[in-house]
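Below is one structure, written out as structure tokens; comments come after it.
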Amino acid sequence: AADSVATSDFLTLQRYIMLTSKDQELAVLLSALSLACKATARACNKAGIALLFGLAGETNATGDDQKKLDVLSNDIFINTLTNSGTCAVLVSEENEEPIIIDPAHAGRFCVAFDPLDGSSNIDCNVSTGTIFGVYERISTGFATVDDILRTGNDLIVAGYCMYGAATELVITFKNQGVHRFTLDPSLGEFIHTHSNVTFPEDGGKKIYSCNEGNSSNWDPAIKASVEYFKAGSKPYAARYVGSMVSDVHRTILYGGIYLYPADAKSKNGKLRVLYEGFPMAMIVEQAGGVASCGLFKGTIQRLLDLVPTSIHEKCPVILGGERDVKLVLSKYKELGLAA
Ligand code: P6P
């Protein structure tokens, strides 16, 4: 067994990176990211004992009340990424402004991250996660926010770390497929467990995942789609954790669809393009799924094709296996809402 002390050949994240990209600077960046994930996992595991539950008494860029763990995890990611010497620009959900790294300590990469997504769940011990996307800078002189305000198609790495029963890192390098790593706390290493993770061929389990509390404000196509999932002798199961990493991880592994659509109150939806929509869309597409905004700004919009103009911009998110996402998109056409 891979966890027996007799093991002598460990496929760690670092080894996988060197096998895949042979890019030393990228290996250092991902080593820093995995350290930050391990430190965040430890803080979440010890929160109850270390009195880390509860509010920090501040609010973040989104206006959310920051939890102590939000602030701590954000500081962990900013410090490890800055000190890695591999980053030029950082964007965090918790920071109003982008962080431009001092050119004397800067590197090639720009990282957008949500350090502790779903943290409203943390005080009741429901799983949360970190979501991140990595660009290679394009500027030659001083790095600017334009190095990260780019189409999702320019991402070179996307990933999330789920702080659940196990601490699991899911990562994809562009066109290299989706890979899963599980933290072995006794080694402090992320050990490779699955290669080329893909959606179940037939769309998998019939599960739909959305906050139906918003349903009165949905557009007719979303309403019709969810009614379709609920109808018939074998309706879909409803599963909604309220933590994007948990809901998307289950959708990729079991099948089904996750939706956070635009609605009458939130014309651009709730989720953020740079550190929620784009990374999850890249992972879902690399796993053979579909990631769309649905009808957005007058057209049926593939999520990765968006070009954000501000770092906390929002977008609708409809992602999952082809069977279910295509069903939703077909409703727009059926109802004459899109060509
Ligand atoms: P709602 C958590 O705040 C988050 O950003 C995602 O992790 C999650 O999917 C969504 O918002 C939950 O939002 O409105 O259903 O509580």
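FYI, the numbering just counts along the sequence from 1. Order of appearance sets the numbers: ligands from 1, and atoms from 1 within every ligand.
Put simply, the side chain of Tyr260 reaches to within 4.5 Å of the side chain of Asn214, judged on heavy atoms.
For ligand 1, the protein residues placed under 4.0 Å by at least one non-hydrogen atom are Asp117, Gly118, Asn211, Tyr240, Gly242, Ser243, Met244, Tyr258, Tyr260, Lys270, Leu271, Glu276.
For Phe77 and Phe132, the ring centers are positioned 6.0 Å apart or more.
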Apply side chain to side chain contact (heavy atoms under 4.5 Å, CB included) to His192 and Arg15, showing your working.
CA-CA 9 Å; His192 192 250; Arg15 181 172 150 191; over 6 Å; no
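A donor atom on one side chain and an acceptor atom on the other are found under 3.5 Å apart for Tyr236 and Asp324. Residues Asp219 and Tyr332 have side chains that bring a donor and an acceptor to within less than 3.5 angstrom of each other.
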Side-chain atoms of residues 99-114: list all donor-acceptor pairs with protein atoms under 3.5 Å, sequence neighbours left out, distances to 0.1 Å.
{"from": "Asp102", "atom 1": "OD1", "to": "Ala104", "atom 2": "N", "distance (Å)": "2.8"}
{"from": "Arg108", "atom 1": "NE", "to": "Glu136", "atom 2": "OE2", "distance (Å)": "2.9"}
{"from": "Arg108", "atom 1": "NH1", "to": "Asp23", "atom 2": "OD1", "distance (Å)": "3.2"}
{"from": "Arg108", "atom 1": "NH1", "to": "Asp23", "atom 2": "OD2", "distance (Å)": "3.2"}
{"from": "Arg108", "atom 1": "NH2", "to": "Asp23", "atom 2": "OD2", "distance (Å)": "2.8"}
{"from": "Arg108", "atom 1": "NH2", "to": "Glu136", "atom 2": "OE2", "distance (Å)": "2.7"}

